[in-house]
Amino acid sequence: MKARLTKLPREFYLRPTLQVARDLIGKILIFNDNKKIMSARLVEVEAYIGRDDPACHAFVGKTERNEVMFGTGGFSYVYFIYGMYNCLNVVTERDGFPAAVLIRGAEPLGGIESMKRNYKNPGKNLLTNGPGKLCKAFGLTREHNGLDLTGGQLYLADDGKRVEKIECSVRIGIKKGVDKKWRFFDPASPYISKIIR
DNA sequence: TGTTGGATCAACT
DNA sequence: GTTGATCCAACAC
């Protein structure tokens, strides 16, 4: 726990999306909301690559909503879905290439009390084993769209810990492009949203 | 200007 | 296993 955190540099996000997605497993997501700092270790992500991915928001072209995905990597893309939930994405690759990594699941590390307060409905359910829940726990909304992940408010870091095994599978909850195995997760974690191969 | 459907979650049966 | 909650953006007219 005393391991030194290294904030991921811009270059990390500018690499091929699938590589970034795989490397994000085991990294730490940190969010500073002016009061408390919350952090969680990523255990599940999915890649969305505009060019040949019909499930990606950017597939149909650039719009006001997905604008950030077309920009330079290393920015947040938060969108609202199903009228109730936000999902957090990390934009990847260079300017003009639309791609992002959806954060689906994470293990809470710090600021758990803040997460519970944000979530309001503690219950026996896990706080962060799903994209919508994760955003609710962190208090992320569309207001956090387009944040620079190399800044101080929202960013990702490496604590030097290596995940023993990373598995991949088809993505979840989409209806197009389901043949692509672009979901990466840590099979040893209880915080993955679902087990599929 | 109106309609429709979505990268979800939780509460039911 | 199925369904309701509920907002925004894309598309058709």
Side-chain angles (χ1 to χ4, degrees), chain A residues 13 16-18 20-22 24-25 27 29 40 42-71 73 75-93 97-108 112 115-147 149 154 156 167-186 189-197:
Chain A
Y13 305 101
T17 305
L18 292 177
V20 175
R22 193 177 179 286
L24 278 174
I25 300 294
K27 296 293 186 289
L29 173 69
L42 303 184
V43 295
E44 183 181 350
V45 300
E46 286 178 10
Y48 285 87
I49 305 171
R51 230 153 111 177
D52 16 55
D53 179 10
C56 181
H57 286 169
F59 182 69
V60 291
K62 186 173 176 177
T63 65
E64 201 173 325
R65 179 208 207 180
N66 64 29
E67 203 180 358
V68 234
M69 266 205 282
F70 286 80
F75 285 85
S76 63
Y77 170 43
V78 182
Y79 67 91
F80 202 63
I81 191 105
Y82 296 127
M84 315 172 79
Y85 299 103
N86 293 289
C87 294
L88 171 64
N89 296 247
V90 172
V91 179
T92 59
E93 312 221 22
F97 189 101
V101 176
L102 168 68
I103 310 299
R104 289 193 54 90
E107 295 178 4
I112 295 174
M115 292 186 199
K116 283 183 182 163
R117 215 167 18 242
N118 285 335
Y119 205 80
K120 289 198 170 73
N121 179 19
K124 41 204 173 253
N125 301 312
L126 299 176
L127 282 164
T128 52
N129 63 331
K133 293 161 74 178
L134 185 139
C135 286
K136 201 171 175 185
F138 269 71
L140 292 169
T141 68
R142 266 181 7 279
E143 289 171 27
H144 302 98
N145 188 35
L147 290 181
L149 298 178
L154 178 68
L156 290 145
E167 292 196 3
C168 65
S169 75
V170 295
R171 291 170 295 176
I172 295 174
I174 54 171
K175 300 191 172 159
K176 296 168 183 174
V178 287
D179 56 314
K180 296 184 167 50
K181 296 198 171 184
W182 288 352
R183 171 172 175 253
F184 298 90
F185 60 98
D186 172 4
S189 173
Y191 283 88
I192 54 180
S193 58
K194 222 175 177 184
I195 301 197
I196 298 179
R197 274 172 223 284

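Chain naming here is simple, since letters A, B, ... match the order of the sequence lines and numbering starts at 1 in each. Values reported hereafter were calculated over all heavy atoms of this structure, with side chains retained and with hydrogens, waters and symmetry mates removed.
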Q.
Using only atom types and a distance under 3.5 Å, with no angle test, would you say the side chain of A:Arg142 pairs donor to acceptor with the backbone of A:Asn86?
A. no
Q) Under 5.5 Å between ring centres and under 30° between planes: does that hold for A:Tyr79 against the base of B:dA7? A) no
Q: Could you check how far CE of A:Met84 sits from P of B:dG5, rounded to whole Å?
A: 20 Å
Q) Donor-acceptor pair, A:Ser76 side chain versus A:His144 backbone, under 3.5 Å? A) yes
Q.
Tell me the interatomic distance from A:Lys175, atom NZ, to B:dT8, atom C1', rounded to whole angstroms.
A. 12 Å
Q.
Which is more 5' along DNA chain C, the nucleotide nearest A:Tyr85 or the one nearest A:Arg142? Just name the residue.
A. A:Tyr85
Q. Do A:Ile49 and A:Phe97 come close enough that some side-chain heavy atom pair is under 4.5 Å?
A. yes
Output side-chain donor-acceptor pairs under 3.5 Å for residues 57-64 of chain A, partner residues at least two apart or in another chain, one line each.
| from | atom 1 | to | atom 2 | distance (Å) |
| --- | --- | --- | --- | --- |
| A:His57 | ND1 | A:Tyr77 | OH | 3.0 |
| A:Thr63 | OG1 | A:Arg65 | N | 3.4 |
| A:Thr63 | OG1 | A:Asn66 | N | 3.3 |
| A:Thr63 | OG1 | A:Asn66 | OD1 | 3.3 |
| A:Thr63 | OG1 | A:Asn66 | ND2 | 3.3 |

Q: Round to a whole Å and report the spacing from CD1 of A:Ile172 to C1' of B:dA7.
A: 10 Å
Q) Does a nitrogen or oxygen in the side chain of A:Thr63 sit under 4.0 Å from OP1 or OP2 of C:dA10? A) yes
Q: Return the value, rounded to whole Å, for the distance between atom CD of A:Glu67 and atom C1' of C:dA9.
A: 14 Å
**Q.** Rounded interatomic separation in angstrom, taking CZ from A:Phe59 and C1' from B:dA7
**A.** 15 Å
Q | Closest listed nucleotide, where the reference is the side chain of A:Arg65 and the choices are B:dA10, B:dA7, C:dA10 | A | C:dA10
Q: Kindly say whether A:Ala106 contributes a backbone atom to a donor-acceptor pair with the side chain of A:Thr128 at under 3.5 angstrom?
A: yes
Q: Round to a whole Å and report the spacing from NZ of A:Lys136 to P of C:dC7.
A: 13 Å
Q) How many Å lie between CG on A:Leu127 and P on B:dC9, as a whole number? A) 13 Å
Q | Duplex segments of DNA chain B, taken as runs of at least three Watson-Crick or G-U pairs that stay under 3.5 Å | A | B:1-6 with C:7-12, B:8-12 with C:1-5
Q: May I ask you to evaluate whether A:Arg104 reaches the phosphate of B:dT8, defined as a side-chain N or O under 4.0 Å from OP1 or OP2?
A: yes
Q) In whole Å, what is the span from the CD1 atom of A:Ile81 to the P atom of C:dA10? A) 11 Å
